[in-house]
Protein chains: 2
Amino acid sequence: METKGHSNRQKIVQAASRLFYEHGYNQTSFSDIAQAAHIPKGNFYYYFKSKDQILEAVVENRLEDIRAMLEGWERSITGPRERLLRCLDILRNEEQAVVRYGCPMGTLTAELGKDQPALQGQAREMFQVFFIWLTRQFEALGHAGEARELALHVLARMQGIAAIAHAFADLAFLRRETAALRDWTQNL
Amino acid sequence: METKGHSNRQKIVQAASRLFYEHGYNQTSFSDIAQAAHIPKGNFYYYFKSKDQILEAVVENRLEDIRAMLEGWERSITGPRERLLRCLDILRNEEQAVVRYGCPMGTLTAELGKDQPALQGQAREMFQVFFIWLTRQFEALGHAGEARELALHVLARMQGIAAIAHAFADLAFLRRETAALRDWTQNL
DNA sequence: GTCTATAATGTGATAGAC
DNA sequence: GTCTATCACATTATAGAC
């Protein structure tokens, strides 16, 4: 339970999370993280025994953020359709980052899925949290029988938008396709 | 012009292409490639001066394959709609590999897009070739005014399917969503 | 808890004999 | 053209002083 944690530990996790997103997990070295977090290299084996464990902490940290965000929407947004639309807005709100670095969940999961199955299992959990939340929204919308299929469909559409927007660095495409996905959700 | 090339050079390119796909570019070392190609490490600086140049050759090799495939369809398949459907079939034909390793173009472009812009430019060319070909099919289908948008839409849908199928190792999802994309194409 | 020094390994790359 | 030996460097990781 690292609910709070020491300031140093938090600094490491946040620096690592950013670097993993911007440069990828394998391309980020201990030295990179230490430098970005302003922590001497050797010191941070006090907090983490291996690079794997930093990723674990990073994913755990992101999961907490995602869960807090989704639970916040459950409380602050009344209808399931409005909640779904709010979810799609992520792409627009993060459009600069998406065009530059892709989707933080998608690119990490893809990278680890190649040959680090244990680590990918961790990363996939982020998708799982979204999947469960989306499924609940579609059920509330009256699509109980196909809620899981619709949830995966939306996840895939969002991943595709992020992937192509990133590949072509195409902001207009991201906006256009996000709008189309909003329309699809409206007319569902 | 390495149309044919020495047997050794071809062995290196093919081994590297497979390893880049299965383990990622950054996670594949010179030693890995040398071992897989049964070529002594030192020897292959005779063929390539750097790791970048191997990637360049790999992408060039894949581009030739892609172009040959698309041109083959132009000759062997009469209607543009049938050609589009044939293109979607890639996902089904490669379903095992997609579930295991994701899309060869998408995962490579995503990896390099993080912080190797020069190399990403190479990889993106593969998407570009598909994009141009798809655009031509939609024009032939009578959608000249929105052919480019439709082409990118299809690319994104395919990328999304591959990404989620890979993330969840979900073969049923891949088949279901590919079928849905086929329907979309049929009714266009 | 914090930091320095350094070990052990693997990396991309080179020189030069055959 | 082919292969051996090896370089310089960066990497993850550890031991131990403070």
Side-chain angles (χ1 to χ4, degrees), chain A residues 1-20 22-59 108 111-112 114-120 122-123, chain B residues 1-20 22-59 108 111-112 114-120 122-123:
Chain A
M1 315 297 160
E2 67 289 321
T3 359
K4 189 60 206 317
H6 311 287
S7 166
N8 269 354
R9 194 195 147 96
Q10 270 302 101
K11 279 201 290 184
I12 292 171
V13 171
Q14 278 165 17
S17 185
R18 183 175 59 81
L19 291 173
F20 289 171
E22 293 179 0
H23 305 301
Y25 173 73
N26 291 308
Q27 282 293 91
T28 300
S29 74
F30 265 62
S31 306
D32 295 335
I33 302 171
Q35 203 171 346
H38 306 289
I39 303 281
K41 265 177 63 171
N43 180 20
F44 81 48
Y45 281 87
Y46 171 73
Y47 300 101
F48 301 100
K49 289 193 196 69
S50 72
K51 199 182 169 187
D52 298 7
Q53 291 193 2
I54 297 182
L55 179 71
E56 206 177 316
V58 164
V59 171
L108 183 63
E111 182 183 3
L112 301 174
K114 292 266 178 193
D115 65 344
Q116 284 135 306
L119 298 179
Q120 194 220 15
Q122 294 276 336
Chain B
M1 316 305 156
E2 67 288 323
T3 1
K4 188 64 206 310
H6 311 288
S7 166
N8 269 352
R9 193 195 147 95
Q10 270 303 101
K11 279 200 290 183
I12 292 171
V13 171
Q14 278 165 17
S17 185
R18 184 175 59 80
L19 292 173
F20 290 171
E22 293 178 1
H23 304 301
Y25 173 74
N26 292 307
Q27 282 292 93
T28 300
S29 74
F30 263 61
S31 306
D32 295 335
I33 301 171
Q35 204 171 348
H38 306 289
I39 304 279
K41 261 179 67 170
N43 181 20
F44 79 47
Y45 280 87
Y46 172 74
Y47 300 101
F48 302 99
K49 289 193 196 70
S50 70
K51 199 182 170 188
D52 299 7
Q53 291 193 2
I54 297 182
L55 180 70
E56 204 177 317
V58 165
V59 170
L108 183 63
E111 182 183 3
L112 301 174
K114 292 265 179 194
D115 64 345
Q116 284 136 306
L119 299 178
Q120 194 220 14
Q122 294 276 333

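Treat the numbers as computed from the prediction; the structure is a model and nothing was measured. Quick note on labels: first sequence line is chain A, next is B, and so on, each numbered from 1. Keep in mind that the numbers below use all heavy atoms, side chains included, and drop hydrogens, waters and symmetry copies.
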Nucleotide D/dT14, atom P - distance to OH of A/Tyr46 in whole Å | 16 Å
With respect to the side chain of B/Phe30, which nucleotide from D/dA13, D/dT12, C/dG12 is positioned closest?
-> C/dG12
Heavy-atom check, side chain of A/Ile54 versus side chain of A/Phe44, under 4.5 Å = yes
What is the distance from NE2 of B/His23 to P of C/dG10, rounded to the nearest Å?
-> 16 Å
Give the rounded distance in Å between these two atoms: CG of B/Asp52 and P of C/dT11.
-> 17 Å
Round to a whole Å and report the spacing from NZ of A/Lys41 to C1' of C/dA8.
-> 13 Å
Report yes if the side chains of B/Leu119 and B/Val59 come closer than 4.5 Å at any heavy-atom pair, otherwise no.
-> no
Walking DNA chain D from its 5' end, the first of A/Lys49 and A/Asp32 to be reached, judged by nearest nucleotide, is A/Asp32
To the nearest angstrom, the CG-P distance between A/Asn43 and C/dT4 comes to 9 Å
Which one, C/dT2, D/dT2, C/dT11, comes nearest to the side chain of B/Tyr47?
-> D/dT2
Measure the distance from CD1 on A/Ile39 to C1' on D/dA13 and round it to the nearest whole Å.
-> 17 Å
Integer-rounded Å distance: D/dT14 P and A/Phe44 CZ | 12 Å
A/Lys51 side chain: which of C/dA13, D/dT4, D/dT12 is closest?
-> D/dT12
Does a sphere of radius 6.0 Å around CD in B/Gln35 hold more than 12 heavy atoms from other residues, nucleotides or ligands, not counting ones at 6.0 Å or beyond?
-> no
Give a yes/no answer on whether the side chain of A/Ser29 brings an N or O atom under 4.0 Å of OP1 or OP2 in D/dA10.
-> no
How are the rings of B/Tyr45 and B/Phe30 set to each other: parallel, tilted or perpendicular (split at 30° and 60°)?
-> parallel
Taking only side-chain nitrogens and oxygens of A/Tyr45, does any of them come within less than 4.0 Å of OP1 or OP2 of D/dT14?
-> no
Evaluate the side-chain proximity of A/Leu112 to A/Gln122: yes if any heavy-atom separation is below 4.5 Å, no if none is.
-> no
Between A/Gln27 and A/Gly42, name the one whose nearest nucleotide on DNA chain D is closer to the 5' end.
-> A/Gln27
Using whole Å, report how far CD of B/Gln53 lies from P of C/dG12.
-> 14 Å
